[in-house]
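To find a chain, count down the sequence lines: A is the first, B the second, and so on, and within it residues start at 1.
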Number of protein chains: 2
Amino acid sequence: MSEHPQKRHVIVAGIGFAGLACARELADHPDLLVTVVDRTNHHLFQPLLYQVAIAGLEAPEIAEPARALLRKHRNIRFRMGAVQSVDLERRIVDVDGYRMRYDYLVVATGSTTAHFNIPGIAEHAFEMKTLDQALAIRDQILSACEAATRAKDPARRQALLTFVVVGGGATGVELTGALAELRLHVLRHDYPEIDAGEFRVVMVESTSYPLAPMGEKLGRYTDRTLTRDFEVDVRSDTRVTEVRADGVITNHGEHIRAYTVIWTAGVVGAGFAGLPEPAGGGRVATDAALSLPGHPDVFIVGDLNGVLDPQTGEPYPQLGQTAVQQGRRAGRNIVRDLENRPRQPFAYDDKGVLVTIGRNRGVADVAGLQFTGFPAWIAWLAIHLMLLVGFRNRLLVLTSWIYNYVTYDFAVRILRNVRTFPDDEQ
Amino acid sequence: MSEHPQKRHVIVAGIGFAGLACARELADHPDLLVTVVDRTNHHLFQPLLYQVAIAGLEAPEIAEPARALLRKHRNIRFRMGAVQSVDLERRIVDVDGYRMRYDYLVVATGSTTAHFNIPGIAEHAFEMKTLDQALAIRDQILSACEAATRAKDPARRQALLTFVVVGGGATGVELTGALAELRLHVLRHDYPEIDAGEFRVVMVESTSYPLAPMGEKLGRYTDRTLTRDFEVDVRSDTRVTEVRADGVITNHGEHIRAYTVIWTAGVVGAGFAGLPEPAGGGRVATDAALSLPGHPDVFIVGDLNGVLDPQTGEPYPQLGQTAVQQGRRAGRNIVRDLENRPRQPFAYDDKGVLVTIGRNRGVADVAGLQFTGFPAWIAWLAIHLMLLVGFRNRLLVLTSWIYNYVTYDFAVRILRNVRTFPDDEQ
């Protein structure tokens, strides 16, 4: 940034919740030039990504172009690319071979799916962290149903029509419920040549009930709702030990035949070369002000941050609200540096957790209050609409939701890339 | 269809304008079972496909799931797949290895891009006939702009920022105008690191002015509008003799350097094995009732039909209105067969042509009246909204258009698959 020698250059790596919140804190600051780097060209509202996967929402409804978000701030520029490495001593990052010097670096690169050394995930399971992955799941579901209408072999037909979700966390539950609704309300009518009972949705979870961290009451309610109202085959106390092209093997020795396996069981921090060795969960330890010990010019925020919550002794939950709060804190601490004021430690403000299971059904744990059913579902809808970035997105998503709710129809079920299956008969 | 031995089985190959119109004529007929076959799972409103390419509309706004369109008719079923061949004597079609007998076959498989033996089109040019291709063009435009921000070599930067449209027909003009608008209203603001003059849109056409079939007055108006108002570099009387990875070579020996070349110059009928040899333009000759000579059980409708208009001695124009009218005529002739009434010859009802150039600018030739500018543009908007299939699509497209018009913003510019370029520096 030789053209502005007096200004400090902040590089924000990642435009997820944490990176965007940080960039907004730094926007229009007269003494700062900010470069936001991301491997995609958009900010993604990840909590609704599963609705793209099941064809309930279209990609632009939950994604906002990075340049559209940032272009009103004259001191922020965007650069699309992946940060390959950092040289902490020389203060240089390498973005796809292009080197940039920084005065401050904010690492907000998030997390990827955790594989836990279980064989076959990379080769045979779908992950759901990016738009591309969600769209691939949608293509897979639609392709599998079309292929099933042509399948003569009953075992093949069963494998095509079985959808396995691994993981009973919030993402797993929301995706499972949505798949079940797609099955009950859309696929049943679209495919008269397939019996309703042939579509199967299976959820595999290692704990005794879904959403275990929210406690037994909400977990049992979720289990009952999925099983009874949504006709999901919930496999509790079950771990997947291998993913194959034709399904999963469980720790009970069972082989659940399915051509579609979606892995939502856990994430692991996604940093880059040059950062300190990560601790548990691939997360990088920081001080309470969220910067690297020994490198106060480098902040780690969001899913990648591994600082322990002094209240619990555990790392903070990898949620959107944590990411937003940490991004904001890092940004404010940079501004405090410039103002020669002391940095402030990160203080987590737990706003609670809301999970939707499906139409009119959800669970909530907000401000010490646990509730379920329709009130939790409505609260979930309202909060997610409010949190969406951009008025246009809010309006579009609201319109789509009302349409889907009233018509029981998911109109965006457009297949783009037809997918093939292990024993295609061609 | 052994379960209904008394019913006749009609296979409709293709769910474009012609196939859909035909299927609708046959819907709910008590003596007919109809199987609609298409290689995609959706009906595509092709006239607006270029707006998907330039990120003005999202895919589901102009595509309607085939099963959603057909499921209310109990006598119609849908099968996704490509017709590989037909045995006209035994009345059997092969759909990806699955064989089906028919009593009537309606071939509505449309057209593909014509290459005219010009080398390099398949390898280096983009075509725009399918959703996939339009989305690839969008990814290309966004990827090229992002890559240009990192490009140091001026020649590379110029090639990244030059967009060549080959063909001055309706598709070429609409795409060119839309690209120019994207450049003027969106890219200029999104990419402060690129000078406005660096983005170049070039249209190459072999005639003396665009839209030559609409006559000199409208053609000259279009030329002027593109050149003056939209800052397009229009190359008239110019033919592309070769497409290369780094641009096009013209018959004047010029090399226009560009990494993005979109080929819209002409289409060729797209049949399948077993049909009679096509005549000019890859189109298959039929009798006046649209069935194959010697095979009255096989109809050819839409872009593939090569019957000559008795009024002009030429084949009918390959337009949506022709396809709809021919599909309807074939359907009605099948019904007339069942009623033992004589078939009727196809009679083309020319409803005129409307082409939009861009914001507030269009040309129209309707009912013998030629007009231009804002009235033609408004007429274009109204007609295209009316012709869109489905109330939901109409509402969504109208909303998007109003949004784009008021804000000068194309909000769906979400990059999915980052594209690479000939001399990537990595």
Side-chain angles (χ1 to χ4, degrees), chain A residues 39-42 44 55 58-61 63-68 70-72 74 77-81 95-98 130-132 135 142-143 145-147 149-150 152 186-187 189-193 390 392-393 395-396 399-400 403 407 409-418 424-426, chain B residues 39-42 44 55 58-61 63-68 70-72 74 77-81 95-98 130-132 135 142-143 145-147 149-150 152 186-187 189-193 390 392-393 395-396 399-400 403 407 409-418 424-426:
Chain A
R39 64 176 71 226
T40 75
N41 85 333
H42 50 268
L44 182 66
E58 192 40 68
E61 295 178 277
E64 188 76 16
R67 291 179 182 273
L70 302 175
R71 73 186 191 185
K72 62 180 170 290
R74 301 295 299 270
R77 63 177 190 176
F78 176 73
R79 183 173 289 274
M80 196 178 76
V95 179
D96 292 334
Y98 188 98
T130 67
L131 259 187
D132 257 14
L135 292 168
L142 295 171
S143 297
C145 290
E146 295 295 342
T149 66
R150 299 186 295 264
K152 291 157 206 156
V186 180
L187 301 182
H189 302 294
D190 269 5
Y191 296 89
E193 57 269 70
R392 179 177 184 276
N393 288 352
L395 194 69
L396 283 174
T399 309
S400 285
Y403 177 88
T407 63
D409 194 19
F410 296 163
V412 302
R413 53 192 190 282
I414 304 299
L415 180 52
R416 278 141 201 204
N417 297 300
V418 180
D424 268 355
E425 291 149 323
Q426 291 167 36
Chain B
R39 64 176 72 227
T40 75
N41 86 332
H42 50 267
L44 182 65
E58 193 40 69
E61 296 178 276
E64 188 76 16
R67 292 178 181 273
L70 302 174
R71 73 186 190 185
K72 60 179 173 291
R74 302 295 299 271
R77 62 176 189 176
F78 176 74
R79 183 173 289 275
M80 196 179 77
V95 179
D96 292 334
Y98 188 97
T130 67
L131 260 187
D132 258 15
L135 292 168
L142 296 171
S143 297
C145 290
E146 295 294 343
T149 66
R150 297 187 297 264
K152 291 159 206 155
V186 180
L187 301 183
H189 302 294
D190 269 5
Y191 296 90
E193 57 270 69
R392 180 176 184 278
N393 288 352
L395 195 69
L396 283 175
T399 309
S400 285
Y403 178 87
T407 63
D409 195 17
F410 296 163
V412 302
R413 53 190 189 283
I414 304 298
L415 179 53
R416 279 140 199 202
N417 296 299
V418 180
D424 267 355
E425 291 151 322
Q426 291 169 36

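- Chosen from B:Gly81, B:Ala66, B:Pro192, B:Ala68, the residue pairing most often with chain A at heavy-atom distances under 4.5 Å is B:Ala68.
- For B:Thr149, the parts lying near chain A are the backbone and the side chain together; criterion is any non-hydrogen pair under 4.5 Å.
- Within the 4.5 angstrom heavy-atom criterion, atoms from both the backbone and the side chain of B:Asp190 approach chain A.
- Counting heavy atoms of neighbouring residues, nucleotides and ligands inside a 6.0 Å radius, atom CZ of A:Arg39 does not exceed 12 of them.
- A salt bridge links A:Arg67 and B:Glu146; the closest N-O separation between the charged side-chain nitrogens and carboxylate oxygens is under 4.0 Å.
- B:His42 approaches A:Leu415 most closely through the heavy-atom pair CE1-O, 3.3 Å.
- Neither the backbone nor the side chain of B:Leu70 comes within contact range of chain A; no heavy atoms are under 4.5 Å apart.
- With hydrogens and angles ignored, the 3.5 Å screen pairs a side-chain donor or acceptor of A:Arg150 with a backbone N or O of B:Met80.
- For the pair B:His189/A:Lys72, no side-chain contact is recorded, criterion being any heavy-atom separation below 4.5 Å from C-beta on.
- Residues A:Arg77 and B:Tyr191 have side chains not in contact (no heavy-atom distance under 4.5 Å, counting atoms from C-beta outward).
- Minimum interatomic distance between B:Pro60 and A:Ile414 (heavy atoms only, all atoms of both residues): CA-CG1, 4.2 Å.
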* To do: Take B:Tyr98 and A:Lys152, measure what side-chain contact (heavy atoms from CB on, under 4.5 Å) needs, and give me the verdict at the end.
  => CA-CA 11 Å; B:Tyr98 188 97; A:Lys152 291 157 206 156; 4.1 Å; yes

